[in-house]
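Read through the structure below, which is laid out as structure tokens, and then see the notes.
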Amino acid sequence: MKAAVFHENGGPEVLTVAEMPTPRPGPGEVRIRVAASSMNHLDLWMRRGLPFAIPMPHIGGSDIAGTVDELGPGADPSWLGKHVVVDPSLNYDWYRLARLANTRAAPLEIVGEHTQGGFAQYAVAPVANLMEVPEGVAAELAAAAALVGVTAWHGLMSRGRLRPGERVLVTGASGGVSTMAVQYARIAGAEVFAVTSSAANVRRVQELGAHHVFDRTACDWAREVYLATGKRGVDLCLDSVGEAIWPGLVRSLAVRGRLVTFGATTGATGKLDIRLLFWRQLSILGSTMGTPAEFRQAMNLVFAGRATPPLHSVLPLDEVRAAHELLEAGGVFGKIVIQP
Ligand SMILES: NC(=O)c1ccc[n+]([C@@H]2O[C@H](COP(=O)([O-])OP(=O)(O)OC[C@H]3O[C@@H](n4cnc5c(N)ncnc54)[C@H](OP(=O)(O)O)[C@@H]3O)[C@@H](O)[C@H]2O)c1
């Protein structure tokens, strides 16, 4: 099969499109003829090199949408021929089990990171991770929403405990996860504040449903948030930009505000005035991916047309290198979909 693959870490030049062995599904797995996958920031981290080893040569792409074309031993035959999207979290239950003594539970893994992903003509996935894509929903849309949807939903709803009427701030608002977070926060009945990076993006984020959007390149956005909330601050902030804007995030929070962090795009060492943390009784919470049930909740909103991942572009597999360069350069609004 044809796949976009890298054999070593480095810049976009390490990516090639090559013939790779077509995978066979193992016990409890199916093989999927991939119709669409999509780029995540994770694909950039993996190509540059993570602090731990990933399978090499590596096929990225944590989002897989396509048609089940082969069953592994024990897989329910009713999946054959179905249009599916894959929940990218493997062993998510580890988060619950890890709190029990003497657990031997396998830790969380992510499709396309710890396993071979969807930037290929075929990929394998556990049956337990399959969700049927309803007729009339394009594979491109399902693939664009999968990893980012569950991440945004879990961060806002489970870790952030967002309630109707609360004020929520979403940073990096043009990003894959954040474009979904803006829409989910609006659906949840929140007053949505967002920070992005150009006048054009401000308009697009407003169109996604944000009530107040600030251009971080043109204003002191933390001050603008403070003023727009009547000098009160927001109840919840969902951030993945990290180091570059960390001090502003803490300034933007109201008394008893919650900061949910799920990424560190600009660096992992956030500076924080500890006095603000205790005096204003703030909470900082980490968030990663989401449960199988949350994946379904997030995807059902997409299938129902209530939340839609904005598609920046749809590129053929042969242009994966260009997709990496595009995402790395910034200026992508939403998602880049890859079609084999
Ligand atoms: N923990 C998890 O489970 C999980 C899951 C998904 C993603 N992540 C992490 O979350 C982050 C976002 O992922 P993604 O796939 O949504 O990424 P993405 O689509 O590349 O979006 C990143 C956004 O960050 C903003 N940004 C980039 N550089 C910035 C800078 N110098 N200053 C301020 N803002 C900047 C940009 O938004 P604006 O231009 O609008 O400001 C950009 O669109 C990544 O670090 C990723 O690894 C973690």
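Counting starts at 1 for both ligands and their atoms, in listed order.
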Could you go step by step and tell me if H324 and R47 meet the side chain to side chain donor-acceptor pair (under 3.5 Å) rule? CA-CA 9 Å; H324 273 244; R47 194 207 68 224; 2.9 Å; yes
Who pairs with F6 by ring pair (Phe, Tyr, Trp, His ring centres under 6.0 Å), at least two apart in sequence or on another chain? H58
Under a 3.5 Å threshold, I'd like every N/O contact between ligand 1 and protein atoms, with atom names and distance.
{"from": "ligand 1", "atom 1": "1 (N)", "to": "F262", "atom 2": "O", "distance (Å)": "2.9"}
{"from": "ligand 1", "atom 1": "1 (N)", "to": "S287", "atom 2": "O", "distance (Å)": "3.3"}
{"from": "ligand 1", "atom 1": "1 (N)", "to": "T288", "atom 2": "OG1", "distance (Å)": "3.1"}
{"from": "ligand 1", "atom 1": "3 (O)", "to": "M289", "atom 2": "N", "distance (Å)": "2.8"}
{"from": "ligand 1", "atom 1": "15 (O)", "to": "H41", "atom 2": "N", "distance (Å)": "3.0"}
{"from": "ligand 1", "atom 1": "16 (O)", "to": "G176", "atom 2": "N", "distance (Å)": "3.2"}
{"from": "ligand 1", "atom 1": "16 (O)", "to": "V177", "atom 2": "N", "distance (Å)": "2.9"}
{"from": "ligand 1", "atom 1": "19 (O)", "to": "G176", "atom 2": "N", "distance (Å)": "2.8"}
{"from": "ligand 1", "atom 1": "20 (O)", "to": "H41", "atom 2": "ND1", "distance (Å)": "2.6"}
{"from": "ligand 1", "atom 1": "32 (N)", "to": "R216", "atom 2": "NH1", "distance (Å)": "3.4"}
{"from": "ligand 1", "atom 1": "34 (N)", "to": "R216", "atom 2": "NE", "distance (Å)": "3.3"}
{"from": "ligand 1", "atom 1": "34 (N)", "to": "R216", "atom 2": "NH2", "distance (Å)": "3.2"}
{"from": "ligand 1", "atom 1": "37 (O)", "to": "S174", "atom 2": "OG", "distance (Å)": "3.2"}
{"from": "ligand 1", "atom 1": "39 (O)", "to": "S174", "atom 2": "OG", "distance (Å)": "3.3"}
{"from": "ligand 1", "atom 1": "39 (O)", "to": "S197", "atom 2": "OG", "distance (Å)": "2.5"}
{"from": "ligand 1", "atom 1": "39 (O)", "to": "R216", "atom 2": "NH2", "distance (Å)": "3.2"}
{"from": "ligand 1", "atom 1": "40 (O)", "to": "A173", "atom 2": "N", "distance (Å)": "3.3"}
{"from": "ligand 1", "atom 1": "40 (O)", "to": "S174", "atom 2": "N", "distance (Å)": "2.9"}
{"from": "ligand 1", "atom 1": "40 (O)", "to": "S174", "atom 2": "OG", "distance (Å)": "2.8"}
{"from": "ligand 1", "atom 1": "40 (O)", "to": "T196", "atom 2": "OG1", "distance (Å)": "2.6"}
{"from": "ligand 1", "atom 1": "41 (O)", "to": "R216", "atom 2": "NE", "distance (Å)": "2.9"}
{"from": "ligand 1", "atom 1": "41 (O)", "to": "R216", "atom 2": "NH2", "distance (Å)": "3.1"}
{"from": "ligand 1", "atom 1": "43 (O)", "to": "S174", "atom 2": "OG", "distance (Å)": "2.9"}
{"from": "ligand 1", "atom 1": "43 (O)", "to": "G175", "atom 2": "N", "distance (Å)": "3.3"}
{"from": "ligand 1", "atom 1": "45 (O)", "to": "T265", "atom 2": "OG1", "distance (Å)": "2.8"}
{"from": "ligand 1", "atom 1": "47 (O)", "to": "W45", "atom 2": "NE1", "distance (Å)": "2.7"}

Is the NZ or CZ atom of R204 positioned over F333's six-membered ring, under 6.0 angstrom from the centre and within 45° of the axis? yes
Per the side chain to side chain donor-acceptor pair (under 3.5 Å) rule, which among E140, Q339, K335 passes with S38? K335
The complete set of ring-ring contact (aromatic ring centres under 6.0 Å, His included) pairs with one or both residues in residues 292-320, sequence neighbours excluded, reads none
Holding to ring pair (Phe, Tyr, Trp, His ring centres under 6.0 Å), I want the full list of residues that pass it with H212, two or more places apart in sequence or in another chain. F193
